[in-house]
> 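Attaching a single structure in structure tokens format; questions to follow.
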Amino acid sequence: MNLDDWKSQIKRGTLEFCILLMIRRQPSYGYEIISTLEKYPLLAAKENTIYPLLRRLLKEGWISSAWQESTEGLPPRKYYSLTAAGQEYLEAMSKEWSDLLAAVQEIKGV
């Protein structure tokens, strides 16, 4: 395995967590999520990764969606919001994430 493969594996598990964190802060539409993630090269992902992930999160009940009219004559956008079940899931993920970071820091000796 090379470094790119390892980074890809880390990214796969982290994207879901980051998307839920973003949606918790404020309802967001798909392109907005993609654009925000592009600010962080390690997390940048294309539509063919993000939209299937959003569909899976919808199916699992962690998020909900609603169409909203946009300004300036643009087509309506589908906004994603965190559900109550999604909030509980995110809280559990946050605990696991904190525990993981603490363990890695301890092992690193930091």
> Under 3.5 Å, sequence neighbours excluded: what are the donor-acceptor pairs made by side chains of residues 101-110?
none

> Kindly give the heavy-atom pair with the smallest separation between E32 and S28, and that separation in Å.
OE1-CA, 3.2 Å

> Pairs under 3.5 angstrom only: tabulate donor-acceptor contacts from the side chains of residues 73-81 to other protein residues two or more places apart or in another chain.
from: R77; atom 1: NH1; to: Y29; atom 2: OH; distance (Å): 3.3

> For R56 and E60, run salt bridge (Lys or Arg N to Asp or Glu O under 4.0 Å): C-alpha distance rounded to whole Å, both residues' side-chain angles, the deciding distance at 0.1 Å, then the answer.
CA-CA 6 Å; R56 184 174 61 75; E60 292 178 6; 3.1 Å; yes

> Going from CG on L57 to OG on S65, what distance comes out if it is rounded to the nearest 0.5 angstrom?
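Those atoms lie 11.5 Å apart.
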
> Evaluate side chain to side chain contact (heavy atoms under 4.5 Å, CB included) for I34 paired with T49, printing each intermediate quantity in order.
CA-CA 10 Å; I34 293 167; T49 299; over 6 Å; no

> Identify the two heavy atoms, one from Y51 and one from Y31, that lie closest to each other, and give their separation to 0.1 Å.
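Of all heavy-atom pairs spanning Y51 and Y31, the closest is OH-N, 3.3 Å.
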
> State the NZ-CG distance between K11 and L37, to the nearest 0.5 angstrom.
8.5 Å

> Atom CG of N2 and atom NZ of K7: how far apart are they, to the nearest 0.5 Å?
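So the gap between those two atoms works out to 9.5 Å.
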
> Determine all donor-acceptor pairs shorter than 3.5 Å in which one atom belongs to a side chain in residues 41-48; sequence neighbours excluded.
none

> Apply the test side chain to side chain contact (heavy atoms under 4.5 Å, CB included) to residues S94 and F17: give CA-CA distance (whole Å), side-chain angles for both, the deciding distance (0.1 Å), then the verdict.
CA-CA 8 Å; S94 294; F17 184 48; 3.6 Å; yes

> In the single-linkage hydrophobic clustering (I, L, V, M, F, W, Y; side-chain heavy atoms under 4.5 Å), do I50 and L21 co-cluster?
yes

> Rounded to the nearest 0.5 Å, how far apart are CG of L3 and OG of S8?
11.0 Å

> Determine whether a donor-acceptor pair (N or O, by modelled atom type, separation under 3.5 Å) exists between the side chain of T83 and the backbone of W62.
yes

> Yes or no on side chain to side chain contact (heavy atoms under 4.5 Å, CB included) for I19 and I63, after CA distance, side-chain angles and deciding distance?
CA-CA 10 Å; I19 288 171; I63 62 174; over 6 Å; no

> For L20 and L90, work out which heavy atoms get closest and say how close.
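Closest approach of L20 to L90, heavy atoms only: O-CD2, 3.7 Å.
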
> Using every non-hydrogen atom in the two residues, find where L82 and Q87 come nearest and quote the distance to one decimal.
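The pair with the smallest heavy-atom distance is CD2-OE1, 3.2 Å.
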
> Would you check if the side chain of T14 reaches a backbone N or O of R12 as a donor-acceptor pair within less than 3.5 Å?
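Checking the backbone N and O of R12 against the side chain of T14, no donor-acceptor pair under 3.5 Å is found.
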
> When hydrophobic residues are tied together by side-chain contacts of less than 4.5 Å, even through go-betweens, does L15 share a cluster with W6?
no

